[in-house]
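To start, the structure itself, in structure tokens.
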Amino acid sequence: MKNYKLNKLKERLKSIVGKKRVIFGEKATRSFRTGIRVGYGDAVAVVLPNDLLQLWKVINLCIALNKIVIIQAANTGLTGGSTPDGNKYDRDVVIINTLYLNQIILLNNGEEVLAMPGASLSNLEEMLKPINREPHSVIGSSCIGASIIGGVCNNSGGNLIKRGPAYTELSLYARLNIDGQLELINHLGIDLGESPEEILTNLQKSNFKKSNIAKTNNKGSDNTYKKRVREIDSNTPARFNSDKNRLFEASGCAGKIIVFAVRLDTFSKPKTQKVFYLGTNNVDILTSIRKIILSKFNELPEMTEYMHYTSFDGADKYGKDTFLIIKYLGRNIMPKLFKLKRLIDTFLSFIPFLPQNIFDKFLQNFSRLLPDHLPASLRDYRNKFDHYLIIVATDSAIEETKDLLEEISSKNNSSEYFECNNLEAEDILLHRYVAGLAPKRSKIMHAKTSGEVLALDVALPRNYESWHEILPKEIFDNSLKSFQMAHFTCMVFHWDFLLKKDTNANELKKRILNKLDAIGAQYPAEHNVGHLYEANKELADFYKQLDPCNAFNAGIGKLSKNKFYKE
């Protein structure tokens with residue numbers, strides 16, 4: 001009977017999307033079932049719909065056949081939220097990959113944008129360049145193909161201080177109500193018709209007026225964040241995943257509804273930009289800089305990114321190939337490279353004597369043969385200092401930043417700064433962003449001696465100053481490698497540890513989280529709970545309100561994987 005039902009699913013999926021757009025088999029689906037850093041589980045099929053109406057039909061079929069649906073785009077999430085988690089589900093899992101649904105529509109002369117499920121941040125950035133506008137996030141995870149909707153669903157981003165994390169109250173989505181009926185809800189503020197078929201077809205064909213679309217009271221961005229982050233005396237974090245004020249339909253939904261489109265604000269591109277790089281061996285100087293910027297600057301910088309030497313070294317050693325690919329081939333090549341990697345990994349998985357992750361190992365070893373990729377100025381600071389601050393200032397904030405850094409450096413012999421030229425600025429920012437790939441690559445290269453990657457994504461209270469003293473010695477004693485960096489103005493820290501083999505990651509993580517609870521920290525800060533963190537009551541209630549039947553992304557936030565959340 002089970003094989004009969006599975007064959008029925010296969011045949012009907014093929015009838016909707018075509019034979020080439022449905023993938024079956026353990027080896028063929030492995031790359032879709034494996035997260036970029038963590039996450040791995042079972043799925044009976046992977047489906048790649050070609051348009052929004054196909055997506056709607058596939059979801060309807062999965063619901064009718066009592067399947068769990070996991071929506072996935074580029075699969076760049078860091079907490080395993082876009083892949084299955086193990087195999088203890090009470091229903092079969094179907095993964096729907098949306099990368100072919102990559103349409104982006106500019107609205108109101110580019111002041112707003114309409115993005116489909118597979119549309120990437122990098123493509124949006126390129127579209128906006130000719131009209132001197134930018135999306136809510138630039139570079140960051142966009143350099144590895146992150147999707148726009150994925151960012152919204154996971155409250156991602158926020159390294160751009162004046163724009164805040166990804167957020168919108170304008171979306172088109174499907175939800176399964178408590179009666180088991182699939183509803184398509186249009187809250188885009190755009191008239192697209194009445195029936196699901198009419199709405200989705202009109203949207204797919206851009207069959208509506210794109211200019212002079214009526215303004216709405218609903219937000220297309222988190223426009224209060226730049227005020228909130230300035231409240232440096234507050235004992236709560238500026239932003240975190242389960243903030244009830246940032247949970248709204250698609251925003252923060254973590255895949256508990258199926259989002260077909262979001263409407264977002266875009267932002268005017270600054271006229272001038274300068275990147276400053278500061279090195280220091282005194283962390284109190286960094287704290288002082290942060291407080292002065294937030295309390296006294298008339299205009300906030302765009303970014304203030306902190307790197308510890310461990311993160312610098314991780315990016316240097318494990319991100320060199322990605323750095324060079326982006327630098328010389330452009331960011332748009334990365335999604336294609338990830339697709340190529342997926343195809344190669346899938347093909348090689350059918351050869352039993354070959355080891356896993358050959359493509360990663362080849363890139364890693366080949367990059368070692370290439371000349372040094374970093375400017376001499378960065379090498380010089382790495383030799384002198386353990387802590388680095390990258391400040392991206394624009395327009396009127398440039399002079400304020402320069403004056404502050406000049407004053408700080410003249411009074412302290414434990415720090416220095418320089419104003420980057422164009423080449424240094426490009427390389428420093430790129431070096432910072434490829435650092436996020438280092439934990440996974442280091443695990444691949446040390447597979448025989450390493451255990452799990454323990455990834456901590458933490459928002460500290462805005463008034464907390466002992467940020468460099470939080471982590472206990474035992475976590476370093478139990479780690480082969482560590483990587484530390486932060487969105488410093490926001491007090492959002494990323495601490496990643498490649499644990500030694502046989503280390504009990506859960507026990508170690510529990511002790512660290514207990515310490516974070518004691519100081520009022522929140523976690524995760526910007527990558528959603530995924531399958532690594534337990535959703536608190538408010539977040540769990542939000543998920544259950546969106547998806548009362550537990551049909552979509554079951555098990556997220558360590559909730560029950562069973563229908564209706566039964567234990």
F312 ring center near Y388 ring center (under 6.0 Å): yes
With a 6.0 Å cut-off on the ring centroids, do H487 and H494 count as close?
yes
With no hydrogens and no angle check, do the side chains of [X] and [Y] hold a donor and an acceptor under 3.5 Å apart?
{"X": "Y417", "Y": "E419", "result": "no"}
{"X": "Y309", "Y": "H387", "result": "no"}
{"X": "T304", "Y": "R290", "result": "no"}
{"X": "N281", "Y": "S414", "result": "no"}
{"X": "N75", "Y": "S82", "result": "yes"}
{"X": "Y167", "Y": "D265", "result": "no"}
{"X": "S156", "Y": "E526", "result": "no"}
{"X": "Q273", "Y": "T394", "result": "no"}

Cationic N near anionic O, under 4.0 Å, [X] to [Y]:
{"X": "E134", "Y": "R163", "value": "yes"}
{"X": "K162", "Y": "E299", "value": "yes"}
{"X": "R462", "Y": "E231", "value": "yes"}
{"X": "K481", "Y": "D313", "value": "no"}
{"X": "K320", "Y": "D316", "value": "no"}
{"X": "D372", "Y": "R379", "value": "yes"}
{"X": "K384", "Y": "D380", "value": "yes"}

Would the distance check show the side chain of [X] and the main-chain N or O of [Y] forming a donor-acceptor pair, the cut-off being under 3.5 Å?
{"X": "S295", "Y": "K291", "answer": "yes"}
{"X": "S409", "Y": "E406", "answer": "no"}
{"X": "R133", "Y": "L128", "answer": "no"}
{"X": "N504", "Y": "E507", "answer": "yes"}
{"X": "D427", "Y": "L374", "answer": "no"}

- prompt: What do the steps show when you test D395 against T272 for side-chain hydrogen bond (donor to acceptor under 3.5 Å, both in side chains), and what is the final call?
  reply: CA-CA 5 Å; D395 299 338; T272 55; 3.2 Å; yes
I want to check a possible cation-pi pair here: K509 against Y533, using under 6.0 Å from ring centre and within 45° of the ring axis as the test. yes
- Mind checking whether H431 and F323 have parallel, tilted or perpendicular rings, split at 30° and 60°? perpendicular
Practice task
Please work out which of the three classes, parallel, tilted or perpendicular, describes the rings of Y381 and F385, given edges at 30° and 60°.
Solution key: perpendicular
Rounded to the nearest 0.5 Å, the OG1 atom of T83 sits from the OH atom of Y40 at a distance of 10.5 Å
Chi angles and distances behind the ring-ring contact (aromatic ring centres under 6.0 Å, His included) call for F493, W467 = CA-CA 9 Å; F493 286 78; W467 51 271; 5.6 Å; yes
Sorted by chain and residue number, the salt bridge (charged side-chain N to carboxylate O under 4.0 Å, His left out) partners of R228 (sequence neighbours excluded) come out as D222
